[in-house]
Amino acid sequence: MLDIQLLRNQIDVVTAALGARGASFDPVVFQALEGERKNLQTRTQELQARRNALSKQIGMLKGKGEDASTVMAEVGGIGDELRANEQALGVLLGRIDAFVAGLPNLPHESVPAGRDESGNVEISRWGTPREFDFEVSDHVDVGSALGGLDFETAVKISGSRFAVMRGEIARLHRALAQLMLDVHTREHGYTEVYVPYLVNAESMFGTGQLPKFEADLFSVPKDDGRFYLIPTAEVPVTNLVRGELLSADALPLKFVSHTPCFRSEAGSYGRDTRGMIRQHQFDKVELVRIEHPDNSWAALEELTGHAEMILRRLDLPYRKIVLCAGDMGFSAAKTYDLEVWLPAQKTYREISSCSCFDAFQARRMQTRFKNAQGKNELVHTLNGSGLAVGRTLVAVLENYQQGDGSVLVPKALVPYMGGLEVLEPRG
RNA sequence: GGAGAGGUGGCAGAGUGGUCGAAUGUACCUGACUCGAAAUCAGGCGUAGGUGCGAGCCUACCGUGGGUUCGAAUCCCACCCUCUCCGCCA
């Protein structure tokens with residue numbers, strides 16, 4: 001959520017920044033709401049002040065045993081107008097809240113301009129895509145040759161955009177998550193957390209999935225409301241600190257969590273329908289950081305480096321791009337995507353997304369810390385995939401395939417595979 | 001699922017209709033004492049919003065949402081959550 005003071009005091013700055021993202025924002029609408037709010041609020045508070053003063057008088061008169069009926073009659077006359085004003089003000093504040101809650105974050109000054117992904121800028125590349133002396137297969141063919149990747153059965157038990165993994169592929173999938181967790185906890189200093197996969201609406205609001213993106217989420221009914229299935233561990237992990245007042249020396253908080261993620265993928269019909277690139281359910285190891293505002297931009301670079309480290313350990317070629325203003329997610333102030341080389345598609349595909357949200361999520365969550373001046377200040381939040389496990393499996397299967405249909409196990413994973421070095425096709 | 005207890009400031013914990021935004025303790029900040037620290041003493045110390053150049057003044061907030069009342073932390077209703085016991089269960 002944007003700072004409403006910024007909207008009030010520097011609306012032209014906000015308008016320009018939101019325009020850079022391609023967000024529709026009408027300053028006139030906001031200013032009209034604000035003007036109305038000021039009037040109503042002033043009037044309401046005047047009435048409240050009068051009622052309070054008179055009521056206090058009544059209390060004093062009664063305390064002295066004197067007659068208070070004149071004052072009571074006077075204050076009674078305020079009642080209707082006050083009630084009407086309070087109600088109108090409540091409605092108006094609700095509308096302003098909803099308006100502001102629907103505005104995306106402002107891009108950081110270092111974010112390149114651009115309307116869509118064509119405006120993204122490549123920052124760096126690592127590794128060299130391998131030369132194959134045979135016809136490469138995609139992960140679907142590689143995986144089914146190994147007898148461990150099965151989409152037909154998943155369709156039977158659930159539907160499209162699900163996968164069943166068996167045997168060594170299931171183990172490889174698990175091994176990837178283990179490697180990631182171990183690297184991030186042992187070498188990068190993150191604390192592993194296990195969190196709920198069903199969360200409430202407040203949590204979804206806190207990280208910015210609600211109210212605008214309900215259609216992207218799965219949910220299940222719960223009493224009068226509903227639980228939402230997490231689309232990323234970002235939601236439960238970041239919300240660990242929702243409503244908290246942290247001490248400055250508790251920062252930064254660095255969490256890593258391995259969870260399944262559930263996405264409805266509404267509106268992506270026909271995209272990536274083959275294989276496990278785009279699934280309703282996939283595993284991800286997520287990095288989340290709660291940072292002092294002075295450190296958050298350095299933390300974004302560091303966090304992105306932590307995600308990159310996994311790709312390097314797996315010796316998977318990738319590139320790092322910075323998303324342009326128009327391609328960023330709703331809550332992000334700046335995002336780096338890591339894209340891994342997929343030989344079957346002869347292209348780089350997103351495998352990690354690392355973002356700094358500055359105070360945008362913290363303001364929604366009311367997560368603050370006591371700063372050096374003893375004042376409560378909003379923290380900054382960050383997160384990034386480190387990495388998407390399903391897509392990493394895809395990348396391993398494709399990049400490590402051999403002409404005979406077998407797949408080499410990346411060296412970093414061999415210990416996690418009980419020493420197994422090659423996955424052999426099933427005759 | 002059943003029965004009971006309870007949700008108040010960073011934390012603990014008083015307050016059951018009227019000068020209560022809320023005692024007290026603790027934490028924290030400032031000052032005194034000290035070479036320094038601890039201890040002690042004095043003062044300060046919630047959040048958000050409105051208004052004013054400013055000191056300030058005003059409003060709202062005691063789990064959430066309604067209601068009663070001139071006036072609600074306090075009374076009523078609904079909901080959420082926590083704890084204890086019972087039942088069930090991985």
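Residue numbers begin at 1 in each chain, while the letters A, B, ... track the order of the sequences.
Using atom C1' as the reference point in both B/U8 and B/G13, the two lie 9 Å apart (nearest Å). B/A55 and B/G46 have their P atoms separated by 16 Å, given to the nearest Å. One P atom belongs to B/A14, the other to B/A72, and the distance between them is 24 Å to the nearest Å. For the P atoms, the distance linking B/A78 with B/A3 amounts to 14 Å, nearest Å. Taking atom C1' in both B/U64 and B/C11, one finds a spacing of 23 Å when rounded to whole Å. Going from the C1' atom of B/U30 to that of B/C45 covers 10 Å, rounded to whole Å. Between the P atoms of B/G67 and B/C62, the separation comes to 15 Å (whole Å). Comparing the P positions of B/A60 and B/U74 gives an interatomic distance of 15 Å, to the nearest angstrom.
One interatomic measurement links the two molecules: CZ of A/R8 to P of B/U51, which rounds to 9 Å at whole-angstrom precision. With rounding to whole Å, A/N9 atom CG is found 9 Å from B/G50 atom P. Regarding A/E86, its CD atom lies at a distance of 10 Å from the P atom of B/G67, rounded to whole Å. Between A/F227 atom CZ and B/C81 atom P there is a gap of 8 Å when expressed in whole angstrom units. Between A/K375 atom NZ and B/U30 atom P the separation is 15 Å, expressed in whole Å. As a whole-Å value, the separation of A/L89 CG from B/G49 C1' is 10 Å. Between the CD atom of A/E46 and the P atom of B/A60 there is a distance of 13 Å, rounded to whole Å. As rounded to whole Å, 19 Å separates atom C1' of B/G49 from atom CZ of A/R43.
Under the side chain to side chain contact (heavy atoms under 4.5 Å, CB included) rule, A/L382 has a single partner from A/L300, A/T304, A/D358, A/N295, which is A/L300. For the pairing with A/F30, the side chain to side chain contact (heavy atoms under 4.5 Å, CB included) check across A/V14, A/I4, A/L103 returns one residue only, A/I4.
Looking at heavy-atom distances under 4.0 Å, A/Q5 makes contact with sugar-phosphate atoms alone, never a base.
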- Item | Reading 5' to 3' through nucleotides 7-20 of chain B, protein heavy-atom contacts under 4.0 Å coded B for base, S for sugar-phosphate only, - for none | ---S-------B--

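Nearer to the 5' terminus of RNA chain B, by closest-nucleotide assignment, is the contact made by A/R37 (compared with the other of A/V75 and A/R37). Toward the 5' end of RNA chain B, the nearer of the two residues A/Q45 and A/M72, judged by each one's closest nucleotide, is A/Q45.
A cation-pi arrangement is found for A/R364 relative to A/F205, the charged atom lying closer than 6.0 Å to the ring centre and inside a 45° cone about the ring normal.
Counting only Watson-Crick or G-U wobble pairs whose defining distances are both under 3.5 Å, the stems of 3 or more consecutive pairs in RNA chain B are B:1-7 with B:80-86, B:10-12 with B:24-26, B:28-32 with B:40-44, B:46-51 with B:56-61, B:63-67 with B:75-79.
Looking at A/H380 and A/E291, their side chains never bring a donor and an acceptor atom within 3.5 Å of each other.
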- Stepwise side chain to side chain contact (heavy atoms under 4.5 Å, CB included) test for A/E81 and A/R43: CA-CA 10 Å; A/E81 192 190 351; A/R43 180 68 188 143; 2.8 Å; yes

- Message: Run A/L176 and A/L387 through side chain to side chain contact (heavy atoms under 4.5 Å, CB included) and show every step you take.
- Response: CA-CA 9 Å; A/L176 283 165; A/L387 306 163; over 6 Å; no

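Distances shorter than 4.0 Å separate some side-chain N or O of A/R51 from OP1 or OP2 on B/A60.
Look at A/R426 and A/E168 and you find no salt bridge, because none of the NZ, NE, NH1 or NH2 atoms lies under 4.0 Å from a carboxylate O.
The OG atom of A/S219 lies 6.0 Å from the CD atom of A/E214; values are rounded to the nearest 0.5 Å. Note that the NZ atom of A/K284 and the OG atom of A/S352 stand 8.5 Å from one another [nearest 0.5 Å].
Proximity of the aromatic rings of A/F262 and A/Y197 is defined here by a centroid distance below 6.0 angstrom, and this criterion is not met.
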